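Following: one structure in structure tokens, then a few remarks.
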Amino acid sequence: MNVRRSAAVLAAVAVLGAAAPAAADSSPSPTPQALPSALYGDADPQYDGVWRQSLALLAQHAAGVEPPKAAVGWLAGQQCADGSFAPFRADPSAACDAKTMVDTNQTAAAVQALAALGGHDAVTEKAVGWLKSVQNKDGGWGYTAGGASDTNSTSVVVGALAAAGERPGEVRKGGKSPYDALLGLELPCTGKGAGAFAFQPEKDGSLTANADATAAGVLGALGQGLLAEPGKGEGATSGSCVKAATPEQAAANGAAHLAGELAAKGYLLAATPGAEDQPDVGNTADAVVALAAQGDTAQAKKSYAWLEKNAAEWAARSGPAAYAQLILAAHATGADPRDFGGTDLVKQLQAAGPAAPEKTTKAPESAEEEKDESSPFGVWWFVGVCLVAGIGIGFLISNRTKRQQP
């Protein structure tokens, strides 16, 4: 779930674009604002602050490092009174209102991080209560409350429920559980993309395989979250697809699809229309976690080895959420994140955190950096620009078919 929200970005732009002004504001750009010293990263957190903070804390926990108390306190303090989380609240003392853009992904990620760290039961219980209150009748969740269910959002909420001690299969709305929603979003075992998950149904109701959604869907179907444990699935994937009547079979099908996509080169390709084929590093990291959780350690380790050789520069460009993704991939495969092809991922992540004396928002230096920003989720940076400029159209961003919000 790195930039794992490019499809969610497209959906959000479609929903929010109608509210954007008809013309771009010609006033001068505002002076960069100081960011909280407890926040990880110095990119604009307006669209991904809670998400990337949550990933950073989870990754440090996975590496056996106690995160700074200030960083944990900042995350917990971002919660609204109803239990939900927005990506970033500059003034947490101000009450959330109808204009506060809360969402399921930030909320679920915060639950997973705070539950893993412990000592925040009141915060996580309230957040889980809000998530349950916005569950859709098909058993799933959309990015925003009331939005159509999608695989990524449903899966990250499943991870939050499990982390908080809930039984996801027993969390129902209209008689449907999250697993019912996920089963409805998996492609059949015939035709292109057999066994993969779609992000959402197309307008005609058909399903299109989405690699990022598939990685998320495998974890969701296994009842695991972003901090997935290694080898908890059914073993190595055989490449065969069997009609899924259970979430476990759906996970096996999805993992088999990912393994097949990774087999040739060891990495997944970014799906950017009109662009040359290039590796999708973030989505590959997500796929490694999914395969390891399913139990396909052979392919997971092969692709992790590719990441060790090729992902360090990407992470340095993309920021703390990218380092966190790679640390979580190391955890899932049993590797050492302090020896990642010669890079200490844990040290690099910590350097992006509260140790920095003062931060100001920083815009990406290039279009490539914008695309690679690994948090909903830097892709979200595009959404902010889009809304401010009054552009009510979706961006053709790598959807990790895509990866499709610290």
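The figures here come from the full heavy-atom set of this structure, side chains too, leaving out hydrogens, waters and symmetry mates. Just so we're clear, the structure is a prediction, and the values are computed from it rather than from any experiment. Along the sequence shown, residues carry numbers from 1.
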Using every non-hydrogen atom in the two residues, find where [X] and [Y] come nearest and quote the distance to one decimal.
X: Phe197; Y: Ala250; value: CE1-O, 3.8 Å
X: Pro45; Y: Phe88; value: O-CB, 3.1 Å
X: Gln78; Y: Pro92; value: NE2-CG, 3.6 Å
X: Leu258; Y: Ala215; value: CD1-CA, 3.8 Å
X: Ala244; Y: Glu186; value: CB-OE1, 3.5 Å
X: Cys80; Y: Thr100; value: SG-CG2, 4.2 Å

Side chains of [X] and [Y]: is there a donor and an acceptor less than 3.5 Å apart?
X: Asn105; Y: Ser153; result: yes
X: Asp344; Y: Gln348; result: no
X: Glu66; Y: His61; result: no
X: Gln112; Y: Ser54; result: no

Side chain to side chain contact (heavy atoms under 4.5 Å, CB included) evaluation trace for Leu349 with Tyr40: CA-CA 8 Å; Leu349 175 59; Tyr40 281 81; 4.2 Å; yes
Leu268 and its side-chain contact (heavy atoms from CB on, under 4.5 Å) partner, picked from Val288, Thr284, Asp286: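 Exactly one candidate clears the test, Thr284.
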Sole candidate of Leu222, Leu226, Leu227 that passes side-chain contact (heavy atoms from CB on, under 4.5 Å) when paired with Gln224: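 Answer to the side-chain contact (heavy atoms from CB on, under 4.5 Å) test with Gln224 among Leu222, Leu226, Leu227: Leu222.
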Could you give me the CA-CA distance, side-chain angles and deciding distance for Asp180 and Arg172, then say whether side chain to side chain contact (heavy atoms under 4.5 Å, CB included) is met? CA-CA 10 Å; Asp180 291 315; Arg172 295 176 172 270; 3.8 Å; yes
Any non-hydrogen side-chain atom of [X] less than 4.5 Å from a side-chain atom of [Y]?
X: Leu161; Y: Val128; value: yes
X: Pro320; Y: Leu55; value: no
X: Lys173; Y: Asn136; value: no
X: Val281; Y: Trp306; value: yes

Between CD of Glu125 and CG of Leu114, what distance do you get to the nearest 0.5 Å?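 The CD atom of Glu125 sits 12.5 Å away from the CG atom of Leu114.
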Nearest-0.5 Å distance that lies between atom OG1 in Thr151 and atom CG in Leu185: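 Reported to 0.5 Å precision, the distance equals 4.0 Å.
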Can you list the steps and then say if Trp74 with Val72 is a side chain to side chain contact (heavy atoms under 4.5 Å, CB included)? CA-CA 5 Å; Trp74 180 88; Val72 180; over 6 Å; no
Do Trp130 and Thr104 pass the side chain to side chain contact (heavy atoms under 4.5 Å, CB included) test, and can you show the C-alpha distance, the side-chain angles, and the key distance before you say yes or no? CA-CA 9 Å; Trp130 181 80; Thr104 61; 4.1 Å; yes
